[in-house]
Chemist: 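The following block contains the structure, expressed as structure tokens.
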Amino acid sequence: MKTATKVKTTGDATPNWDADPVLSVEHLTMRFGGLVAVGDLCFNVGRGDITALIGPNGAGKTTVFNCVTGFYKPTEGRIVMRHGPGRQDDAVEAVTASGLKWQSTNAGGVFLLERMPDHEISHKAKVARTFQNIRLFGGMTVLENLLVAQHNPLMVASGFSLGGILGLPSYKRAQQEAIDKAVYWLERTHLVERADDPAADLPYGDQRRLEIARAMCIGPQLLCLDEPAAGLNPRESAELNQLLKYIRDEHNVSVLLIEHDMGVVMEISDHVVVLDYGVKIADGAADAVKSDPKVIAAYLGVDDEAEIDVPEIRKDVAKVAAESDGATAAGSKKASARKAPAKARKPAARKTKAAAPAADTAFAQPLMATGAKAPAKRGTAKASARSQEKTSAKAPEKARAPKTAKAKTGTTGPAKTAAAGGAAKSAAAATPAKAKPATRKPAAKPAPAEASEIKIANSGDYPGKQPHGTRKPRAGGGNNLTRIKGIGPANEKKLNTLGTWHFDQIAAWKKAEIEWVGAYLSFPGRIEREEWVKQAKVLARGGETAFSKRVDKGDVPTSVPGRRGAQPKKTTAKGGKA
Amino acid sequence: MAVSGTKTPVAGPQGDPNSLQASIKDAAMAAFLAGVLGFFFIGIRTDIAPGGLDLKMRWGAWIISILIVFAGRLLLNLFVYKTRRPVTRNLSIGLSGSESRLAQAGKVLKWGLFAFALILPFFFTTFFPGRDRQFIDLAILIMTYIMLGWGLNIVVGLAGLLDLGYVAFYAVGAYSFALLAQYLDFGFWLALPLAGLLAATWGVILGFPVLRLRGDYLAIVTLAFGEIIRVVLLNWYEFTKGPDGISGIPKPTFFGLELKRGEGGFADFFGIAYDPIQRFIFLYYIIFILALITNFVTMRLRRLPIGRAWEALREDEIACRSLGINTRNTKLTAFAIGAMFGGFAGSFFATRQGFISPESFTFLESAIILAIVVLGGLGSQIGVVIAAVVMIGGIEMLRNLGFLQQVFGSGFDPVQYRMLIFGLAMVLIMVWKPRGLISTREPSAVLKEKKRIGADMVAQGEGH
Amino acid sequence: MEYFVQQLINGLTLGSIYGLIAIGYTMVYGIIGMINFAHGDVFMIGAFIALAMFLILTTVLGFTFLPVVLLIVLIVSMLFTSAWGWTVERLAYRPLRGSFRLAPLITAIGMSIVLQNFVQITQGARVKPLPPQIQGGITLMEGSTENGTILVQLSYMQIIIILTTVVLMAGFTLLISRTPLGRAQRACEQDRKMASLLGINVDRTISLTFVMGAALAAVAGLMFVLLYGVIDFYIGFLAGVKAFTAAVLGGIGSLPGAMLGGLLIGLIEVFWSGYFSVEYKDVAAFSILAIVLIFLPSGLLGQPEVEKV
Amino acid sequence: MSTRTDTLLSVRGVETYYGKIVALRGVDLDVHRGEIVTMIGANGAGKSTLMMTICGQPQARNGQIIYDGQDITLMPTHEIVSRGIAQSPEGRRIFPRMTVLENLQMGAALVDPSLFDEDLAKVFKLFPRLKERINQRGGTLSGGEQQMLAIARALMSRPKLLLLDEPSLGLAPLIVKQIFDAIRALNEEEGLTVFLVEQNAFHALKLAHRGYVMVNGNITMSGTGAELLKREEVRAAYLEGGRH
């Protein structure tokens with residue numbers, strides 16, 4: 001398989017996308033008014049690679065596309081498109097300095113896309129694109145759509161219409177060639193039967209393919225696809241994968257795609273770039289990226305109870321992570337633990353993906369993080385989704401926390417700062433966030449080992465009153481606090497370190513305690529909002545809430561089902577995961 | 001949770017619309033409205049009288065108008081609005097078949113019309129010898145509008161750019177010829193290409209800065225441009241003679257032969273008897289050929305990359321740009337070519353009239369040409385022909401309704417009602433067929449089988 | 001200086017009238033995205049109704065107390081003109097709702113022709129003069145030139161026009177931004193289908209928009225009659241085109257934009273006539289429109305359209 | 001979940017056309033009070049058309065839609081929704097130039113204004129994120145926030161029946177989960193009847209009490225969510241749906 005070999009060969013040396021980039025995005029920044037949609041983004045697209053640009057909604061992927069294809073003029077940065085092999089660094093610098101838009105070199109050509117209007121990017125630099133919401137010429141036939149794509153060569157052939165009006169034979173020949181080319185791509189996309197139907201009449205999946213065929217008709221060197229699999233069913237997605245591979249392998253076209261469907265991304269991508277809030281958080285081979293904790297954190301979510309990109313919660317997670325860091329393993333161990341599962345998982349994933357009937361579950365899987373029903377699905381799930389599940393089902397936080405720690409501290413800033421206008425601040429924000437847990441570590445850790453009354457070193461720093469806690473749960477073990485909506489394994493553990501083990505303890509919290517815990521856990525207000533105390537009162541009475549019922553049924557993946565008694569210590573989580 | 005949950009028996013949302021009672025009630029409402037609307041206009045008339053304005057009450061006319069509305073609405077309610085669905089939907093469903101048949105018959109129709117147009121002057125001279133001049137003159141007028149419609153069709157129908165100032169190019173063409181003739185003594189045939197060129201240049205001059213604008217803004221700027229040209233023509237007295245207009249514009253010659261009586265004239269050269277009708281026939285064939293050229297070029301262009309780019313532009317401008325099409329140049333070409341044909345038609349107009357003044361180039365002309373294009377069906381060449389015949393022929397026919405004076409008495413002047421009826425016809429045809437008479441689109445390239453494209457697929461442009 | 005101030009006052013007065021008409025264009029454009037070409041003629045209708053009502057009150061019924069007469073005329077012409085606005089919408093635009101964009105444009109042009117010719121037929125083509133009713137004013141400044149003295153006059157008529165416009169503008173702005181009706185209008189403007197899914201009677205909201213626009217046009221019509229004292233069936237076209245230009249200049253769809261555009265067009269016209277040439281005042285107004293649009297493609301206060309790719 | 005099984009919405013033989021194109025070819029289905037019912041099917045199968053047909057846009061050409069004992073087939077949209085149906089439609093359709101608050105006010109257009117604050121508090125509890133954005137314009141929200149707003153807006157009308165069209169479309173997995181949790185909570189805690197349409201079959205069927213499968217404008221299968229999930233044909237239908 002091409003992907004695998006490529007990754008291997010470039011494993012240690014410079015990866016293909018750095019050695020032979022067809023497109024380099026350098027320090028790209030795009031501001032809309034005060035909003036930074038993309039901040040100082042750098043990445044390369046390797047020649048002959050399929051490169052995926054992924055990230056959550058609003059991460060700025062489409063903005064990057066629009067900058068690359070000239071629909072937006074970037075605020076800052078350089079976008080270099082290269083025809084011909086190699087980095088051509090000298091030529092790039094020469095063109096940049098010269099003030100030209102592009103220059104042909106003997107090796108091919110260098111194009112500075114940020115200087116070119118959109119139609120020249122397509123026409124001269126040979127960058128084709130498709131659109132998130134399909135933009136076909138609905139009232140024109142499929143064939144006409146493909147002929148419009150060959151506008152520029154045909155214009156020349158028609159003598160800029162003069163020869164065409166006079167009916168010169170040279171134009172007729174050119175038109176026939178254009179039709180042949182169109183038919184070639186119609187055959188590749190299984191649309192030749194529909195050639196004379198209006199494009200608006202095609203079913204959705206066909207329209208998506210037609211858009212790709214149309215883009216290919218301009219004879220691109222780089223094909224940019226904006227969510228090509230959106231709205232496709234799994235079978236169509238699989239066909240799309242084949243088509244993209246065909247385009248890459250047989251036509252030597254590099255592909256840059258935005259995609260939400262991790263199935264598509266992971267199967268066909270040679271290289272994955274992950275954006276979050278306009279900032280690159282990961283960049284590498286698909287295998288490496290999908291198990292990258294930053295990616296998991298940003299894209300697939302951290303925790304059931306975490307509301308995405310609410311900064312305080314990120315901090316919260318970061319903190320726990322830091323604590324766990326101190327409690328258990330050393331850094332090197334973490335790294336190996338992180339890599340191992342990725343490797344182990346890969347063959348399985350590939351195999352099941354190839355088997356068609358399982359495809360639908362695979363398709364649905366990344367969006368599901370469900371517990372009980374899923375053994376079969378787990379097998380086919382994409383690694384990143386699964387890693388989350390596993391940790392929640394088996395090893396609440398230890399294994400996951402170190403990874404999320406970095407990711408979260410790294411991206412704490414952007415959530416707010418991106419909107420505020422300084423994505424660059426994100427880097428700065430990362431440092432203090434990292435530093436904080438480090439100082440807290442010694443305070444939190446020794447607590448359980450000492451007095452029955454838990455001592456928190458800087459307890460006085462938080463408003464309100466530290467709740468009463470016991471070193472150990474009462475006989476019979478602590479309650480399953482995750483049956484309270486809003487408390488997941490991470491928070492449960494943190495509460496345990498405060499000496500809170502039972503529902504009745506939480507039920508007894510007064511305003512002051514709530515305030516203190518809220519501040520300590522860095523999510524003031526959430527306890528009230530989620531009504532932990534009210535829930536705890538019910539549960540302490542032995543009653544049930546709608547949420548606890550679901551937890552007990554096993555429907556809440558990141559809560560711990562069925563456990564009502566003591567919480568077992570799961571310090572061996574990492575081993576289990578690997 | 002919300003609204004009361006009481007169960008009511010299953011019933012339709014409204015009462016039966018067919019019941020006589022409902023119809024009468026509705027008609028009464030309409031009559032009341034007519035009374036309100038008509039009170040200050042039909043019921044009262046202000047007239048200039050010595051010492052100010054005089055007020056005249058016309059209760060009779062007012063009451064009659066109310067009764068007419070009541071009766072009309074009642075009849076409509078009882079016999080036309082048979083279902084709850086609006087009348088337009090009924091009509092379009094009922095007639096959708098006829099349109100496809102019309103489209104199928106298009107080819108036959110096209111050649112039939114062509115053949116008829118070819119022999120038309122002789123048809124008139126043979127069958128209507130008494131009124132042939134009038135009819136041929138009308139045919140020339142209609143043909144001029146057909147040509148203008150075809151020219152504007154490139155801009156509005158194909159490229160999807162809403163142009164409300166097309167008459168400006170018509171004026172540029174007419175004045176170019178008139179001024180060239182007056183100051184430089186140019187003849188028609190020499191001035192014709194120059195006029196077209198000048199109009200195209202004006203098209204580019206206007207288009208260059210404003211083509212960035214979105215549809216409606218483009219519309220108002222083109223309208224403004226049309227007005228600017230007219231105002232300049234009106235006020236630049238030294239050059240254009242302002243409101244007096246330019247007269248004595250030379251007639252076209254037939255390869256150097258003037259169509260005049262006596263020595264050296266066309267009749268004299270060919271040794272036939274002079275008849276003033278010959279000039280009309282000659283003019284008819286000039287505009288016929290000009291129109292045919294317009295049609296031929298348009299049809300050819302549609303099958304060329306530039307024409308496809310126009311249509312693609314109408315469908316989706318952003319997609320066009322992503323495919324490497326220079327949209328500004330493409331729009332400019334459409335504007336320039338459309339303007340050029342407008343210019344040709346303008347010089348023909350000047351030579352036919354022999355006299356032009358800014359009066360002939362008001363916004364109403366632009367509106368009529370646009371209406372012809374839209375009523376005919378955007379992008380449809382044959383549609384323009386039908387619409388021009390119906391609308392222009394229609395209004396001119398209204399001039400001949402003298403017999404109505406016998407019905408309504410001698411005070412009744414049907415010519416007065418001409419434009420009122422024209423306006424109403426515009427509204428009614430549009431409501432009846434919002435997409436125009438011929439709304440299907442013919443593909444410009446075919447792989448296996450030519451399929452017409454339904455109007456609901458085709459975009460109108462100017463909205464992106 | 002005095003001349004300048006006088007022109008400024010005249011420009012503001014004319015601009016107020018344009019602004020009142022422009023609001024009708026801008027509201028209709030905002031809500032159904034169409035250029036209501038007949039709106040200028042609705043203004044003309046309003047002027048005729050105002051004139052006739054004025055005559056009825058003064059000559060037939062013999063009222064003499066001018067403020068009361070004007071108030072009655074104002075209310076009556078607003079009501080009757082609204083009926084016209086409603087009818088035009090009902091007959092020519094509503095059947096085409098959801099149809100393609102050019103269709104209502106053509107029916108609007110058709111309606112414009114119909115209204116003009118209807119008035120021409122029923123009221124005659126000759127101009128209708130009305131002697132000035134409100135005379136006098138405040139002398140603001142006095143200056144002397146070699147040709148004699150120049151008085152800067154703010155006539156009562158001008159005061160009435162500007163005040164009425166300000167009051168109506170404030171009222172309408174509040175109506176649109178604060179009331180449920182205004183919210184419903186804005187909702188219909190942004191997404192008609194969604195508005196109906198939330199229980200808004202879209203047709204009624206649109207009708208109301210036309211009624212409101214027509215009522216304002218009627219006010220402008222009354223002002224026009226009083227200010228110029230001469231109307232005919234053709235005044236709607238040019239005033240309409242100017243007001244529409246004003247709406248576009250201010251940014252079509254924006255209420256304050258319409259007012260601002262109206263004032264600007266009024267000022268441009270008056271100053272151009274005053275300092276350069278009366279003949280080319282329209283050219284000046286239209287040229288400025290074109291120039292502004294080239295640099296600000298959405299007009300002065302319009303929502304800049306972000307190109308959605 | 002509610003034990004009442006009386007029918008709130010029943011669709012009988014509904015056919016809908018877009019011009020001459022058939023979108024629905026005689027659809028029958030029922031939604032009982034207190035249920036979550038889901039309809040799955042591929043893109044273009046007619047799911048969204050059904051949603052809109054229930055609300056009268058476009059109106060069904062044939063067949064009948066009975067809601068709460070009343071025939072609503074030919075009612076104008078605003079009258080249909082005033083009877084207690086709220087829809088969060090395809091593409092969310094947030095009013096882009098209105099603030100979050102105004103969007104929610106629009107949602108409450110049919111409700112007694114005195115209840116507004118109470119309802120507002122309720123939806124903010126469900127989607128705290130919206131509270132933070134209360135004065136932000138709808139168009140500037142992220143996709144997930146817009147989806148939350150669309151659902152919240154629908155809830156502001158105090159509906160008896162909530163129609164959701166592809167609440168998960170185009171959203172990151174984590175946000176999808178939040179939204180589905182909210183739907184479940186609404187159903188469990190308030191007994192709200194929910195009819196949702198999803199392309200994301202697996203997820204939706206897990207959530208729903210009952211489900212229907214739509215292929216090419218027809219209902220091809222129905223059953224409880226769990227049943228449907230197990231059936232081989234569902235996968236087939238789901239894989240091969242669409243207009244072909």
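Within every chain, numbering begins at 1; the chains are lettered A, B, ... in the order of the sequence lines, protein sequences first and strands thereafter.
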Chemist: Which residues pass the side chain to side chain donor-acceptor pair (under 3.5 Å) test with B:Asn326, sequence neighbours left out?
Modeler: A:His119
Chemist: Rounded to the nearest 0.5 Å, how far apart are OG1 of A:Thr141 and CG of B:Leu447?
Modeler: 9.0 Å
Chemist: Quick check on A:Leu136 against chain B: is it the side chain, the backbone, both or neither that has a heavy atom closer than 4.5 Å?
Modeler: backbone
Chemist: Under 4.5 Å between any side-chain heavy atoms of B:Arg321 and A:Phe71, yes or no?
Modeler: yes
Chemist: Would you check if A:His123 and B:Leu323 make a side-chain contact, meaning some heavy-atom pair closer than 4.5 Å?
Modeler: no
Chemist: Side chain, backbone, both or neither: which part of A:Gln175 has a non-hydrogen atom closer than 4.5 Å to chain B?
Modeler: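 Just the side chain, heavy atoms under 4.5 Å.
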Chemist: Taking all atoms of both residues into account, what is the closest heavy-atom pair of A:Val148 and B:Ala312, and its distance?
Modeler: CG1-CB, 3.7 Å
Chemist: What's the separation between atom OH in A:Tyr171 and atom CG in B:Leu304, rounded to the nearest 0.5 Å?
Modeler: 5.0 Å
Chemist: Most heavy-atom pairs under 4.5 angstrom with chain B, which of A:Leu147, A:Thr69, A:Val192, A:Val183?
Modeler: A:Leu147
Chemist: Quick one: what part of A:Asn152 sits under 4.5 Å from any heavy atom of chain B, side chain, backbone, both or neither?
Modeler: side chain
Chemist: Less than 4.0 angstrom from a charged side-chain N to a carboxylate O is my criterion; do A:Glu144 and B:Arg441 meet it?
Modeler: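 Judged by the 4.0 Å cut-off on N to carboxylate O distance, A:Glu144 and B:Arg441 do form a salt bridge.
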Chemist: Which bit of B:Val446 is near chain A, if near means a heavy-atom gap under 4.5 Å: side chain, backbone, both or neither?
Modeler: both
Chemist: If you count heavy atoms of other groups shown closer than 6.0 angstrom to OH of A:Tyr246, is the number above 12?
Modeler: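 Atom OH in A:Tyr246 is crowded, with more than 12 foreign heavy atoms closer than 6.0 Å.
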Chemist: At their closest point, which heavy atom of B:Gly324 faces which heavy atom of A:Ser122, and how far apart are they?
Modeler: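 Of all heavy-atom pairs spanning B:Gly324 and A:Ser122, the closest is N-OG, 3.0 Å.
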Chemist: Within the structure provided, determine whether B:Glu311 and A:Met140 are in side-chain contact (heavy-atom separation under 4.5 Å).
Modeler: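 B:Glu311 vs A:Met140: side chains touch.
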Chemist: Hey, is CD on A:Glu187 packed in by over 12 heavy atoms from elsewhere, all under 6.0 Å?
Modeler: yes
Chemist: Measure the CG-CZ distance between B:Asp316 and A:Phe131 for me, rounded to the nearest 0.5 Å.
Modeler: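 Rounded to the nearest 0.5 Å, the CG-CZ separation comes to 7.0 Å.
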Chemist: Of the backbone (N, CA, C, O) and the side chain (C-beta and beyond), which part of B:Ile325 lies under 4.5 Å from a heavy atom of chain A, both, or neither?
Modeler: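 Its backbone and side chain both get close to chain A.
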Chemist: Which residues pass the ring pair (Phe, Tyr, Trp, His ring centres under 6.0 Å) test with B:Tyr285, not counting sequence neighbours?
Modeler: none
Chemist: May I ask you to name which of B:Gly307, B:Ser322, B:Ala309 has the most heavy-atom pairs under 4.5 Å with chain A?
Modeler: B:Ser322
Chemist: Contact part of A:Leu143 toward chain B, heavy-atom cut-off under 4.5 Å: side chain, backbone, both or neither?
Modeler: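 Only the side chain of A:Leu143 comes within 4.5 Å of chain B.
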